[in-house]
Amino acid sequence: MEVALLGNPNTGKTSLFNELTGSYEYVGNWTGVTVDKKVGTLKKQIGQLIDLPGVYALNPISKDEGIASQYLLENRCTSTLNIVDASGLSRNLHLTIQLLEFGKPLVIGLNMVDVAKSRGIAIDVHQLSEELNVPVLPIIARTGKGCRDILDYFSLENQHVSHFSIDYGEKIEKAIENISDLLHEEQLNHRWLALQLLQGNQIVLDHIKTNKGIDLERIQRIIQELDKQIEEVEKCSLARAIYSKRKQIINDILEKVITKEKNSDRTFTDIIDSIVTNKFLGIPIFLSIMYFIFHMTFNWIGTPVSDWLDGFFSGSLSEWIGQGLQAVHATPFIRALILNGLIAGVGGVIVFVPQMIVLFFFISLIEDSGYMARVALVMDRIMQVAGLNGKSFIPLVIGFGCNIPGIMASRSIEQPKERLITVLITPLMSCSARLAVYSLFAGAFFAEYQALVVLSLYVLGVILALVMAKVFSFFLKHEHSVFIVELPPYRVPNAKTLFRSTWDKSKGFVKKATTFILGGTVVIWLLSYAGPHGLNVNIDQSFLALVCGYIAPLVAPLGFGTWQAGTALVSGFLAKEAVVSTMSIVYHAPHSGTLTGVISQAFTPLQAYTFMVFSLLYIPCLSTVPAIYKEVGTRKLTWFTVMYCVALAYIVSLVIYQVGRLMGF
Amino acid sequence: MILTELKKGEKATILNLSGTTELVQQRLLDLGITEGEEVCYKCALPFGGPCMLEVCGQCIGLRRREAKEIQVVRT
Amino acid sequence: MLFSYIFGILIFGYAALTITRFIKKSRQGRCAACALQKACEQKPNTCSNIVQIQKNEPQLIRNQHI
């Protein structure tokens, strides 16, 4: 059995998916969290559940919506589960009607009944079920209440196929009949296909085109004729006429099932909104929140814990392992590999876990609270100047965690041009891996102003992204820019969700450090240990120093023309954390104390800042490149993205360093 | 009158949406915003930024340029 | 001495393994640290490559294409 999970955006599909499959997928409180199809096994092994991006209707506008319609057209699901937001029934039922027309067994999960109740909306579930002729199960997906009933329902053998049908009026019905006759080769429900074609669903049309046995021309003629007739009589488009008919039916149903109490209190959401979307305070509040997050991450919680960890790794732990290795008579090669390679390199990255945990916690908090959509609203005016819209800011914020989901999140942007530009600029966002680089340098050079320095790098990334967006938009065809965003009510973030989300992201960071960063570290260490004159050479005579010595003059104008910095930047292409692990190895001298101490000797504060700026911009990491390729679709554009980042990093760093020097830093 | 002429917190009924582009219209319909619905103009952001509306119990953000194409009548 | 050999082989073997795995995974455009790692990767119109998510199975690096 394969069950498709469909519903309007931000109605809790993924929350329900997690409950029903026992998996943990990314959830958040804004439109467009899920941009891809996900498969899970239903509890009790009764079948598979497919989580799809949220859609308002089956006629898609944005790319993520297209994924859902495309899935239905593949005709693989045996049953559909429609999740409906009880507090917005009238809008949600448009999708429900289209799913009923689709003709597969359907069950409705009526979600957020608690939210509806608090707004004074009471729903007669039994009546609704009768009106639509399908089972309706009330649930609260966030807490898991009622989800058991859904599982029990799917365990049943016979599933109910609804016989719900709307009479669209004589003219439309006639056209549906005529089109259906021409579709006899199709496996999918003919009436549904005909209706979608009448509504102008491009994905359905493309699907029909692939079936050679269908007389497409005749179908299009029928549609055109009907369109003209409707235009004359009802003075609106055909799609609109179908919409209106559905709306009328929905209103009739709602009259019977909903009882509304007058409730005109100012809600919790209204009060917060009057502050965070305030005319003058909107943007300052956003920046203050970001500053507060960095202050917590660096000055208050993260750095003290991470300093302690650093002391432990370079002190006691190294000592214990050293003694242990002595006891088993390990060769000097192995001793050096473990102590100077693994512990220095991997340990150098692991010490930043405390900062990551704090930062990830706050990112999850923003995602789950509902503030994300407000950020899009507040930033729209600024984004408009750059030729984008406020929705493009959401991928950028997600990019602060990791660029890859950020790039994928751009799918929810309606306009192709804006979507493309958003993909191109997302690599400039300062992801959590880069945070390890900042933590190292800011800790060594700007101890007191860490939060401010790091915030400046984030803001610099965003500003440069907007400048580049403006530049790119000159080269692309002009399109009418659109910005419509749904602002969901605020929610007190769910503790379980927060914990899981923070835990998952932090675990990912540790996993990355202990797998391929460890692998990379071993390679780097070997290259620094071996040289043309054999093993255990002076590090300045190693292969690493000789090869990367060629890079040094290239970056010398930027202020860090040493082979050590060059090496770190090369390995940073693998992953930005590798910059830190490489530095730990190349600057690791026995008994020289912590890495911070050595680094503060090797760089001046200006050089350190320039190095951070360069690391922020210079290249998307190895895993991001294919993600870019997947969204932009051509190799040429992917290469372009990589190259413009390198060029931009070079120019910006050069300016900062040279201007800084002139100013006497 | 047009939507943006409303004062903050004022309510009105939508008369005509057809001035907006096809794409905007489709999105507005998706969100349940049609002729005859009651809309509350909640606030607008500075420098011609987007405005916030409440329709059918939900909040949406919309550019002022698009909002100017929506005709309403005060209720 | 024997100990050193074992350690050396283990460490270099593990390093080689992780690097090859990482490069393989990177080709698909996924980030080891991101929450979407379990999600399926899909280009429009190629829906046969759905990644199976099994419950209670954290190790989902390898995709099982159906």
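Per chain, numbering begins at 1; letters A, B, ... match sequence-line order. Owing to the predicted nature of the structure, the values given are computational and were not obtained by experimental measurement.
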Is it the backbone or the side chain of B:Arg64 that comes under 4.5 Å from a heavy atom of chain A, or both, or neither?
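Answer is neither: B:Arg64 stays 4.5 Å or more from chain A.
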Side chain, backbone, both or neither: which part of [X] has a heavy atom under 4.5 Å from chain B?
{"X": "A:Arg374", "answer": "neither"}
{"X": "A:Gln199", "answer": "neither"}
{"X": "A:Phe483", "answer": "both"}
{"X": "A:Ser481", "answer": "both"}

Could you check which of [options] has the highest count of heavy-atom pairs closer than 4.5 Å to chain B?
{"options": "A:Glu414, A:Gln384, A:Gln415, A:His94", "value": "A:Gln384"}
{"options": "A:Leu95, A:Asn59, A:Asn278", "value": "A:Asn59"}
{"options": "A:Leu487, A:Leu377, A:Val378", "value": "A:Leu487"}

So, are [X] and [Y] salt-bridged, with charged N and O less than 4.0 Å apart?
{"X": "B:Lys42", "Y": "A:Asp270", "result": "yes"}
{"X": "B:Glu35", "Y": "A:Lys247", "result": "no"}
{"X": "A:Glu486", "Y": "B:Arg27", "result": "no"}

Identify which of [options] forms the greatest number of heavy-atom pairs closer than 4.5 Å to chain A.
{"options": "B:Thr34, B:Leu28, B:Leu31", "value": "B:Leu31"}
{"options": "B:Cys43, B:Pro50, B:Gly49", "value": "B:Pro50"}
{"options": "B:Leu29, B:Leu62, B:Leu23", "value": "B:Leu29"}

Test log, rule side-chain contact (heavy atoms from CB on, under 4.5 Å), inputs A:Ile223 and A:Leu197
CA-CA 8 Å; A:Ile223 298 174; A:Leu197 287 170; 4.0 Å; yes
Is there side-chain contact between A:Phe280 and B:Leu45, with at least one heavy-atom pair below 4.5 Å?
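Of all side-chain heavy-atom pairs linking B:Leu45 with A:Phe280, none is under 4.5 Å.
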Atom NZ of B:Lys8: over 12 foreign heavy atoms under 6.0 Å
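Count not over threshold, so no.
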What pairs with B:Glu22 under side-chain contact (heavy atoms from CB on, under 4.5 Å), at least two apart in sequence or on another chain?
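B:Glu22 satisfies side-chain contact (heavy atoms from CB on, under 4.5 Å) with no residue once adjacent residues are dropped.
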Run the numbers on A:Asn111 and A:Thr11 for side chain to side chain donor-acceptor pair (under 3.5 Å), then give the verdict.
CA-CA 7 Å; A:Asn111 195 17; A:Thr11 49; 6.0 Å; no
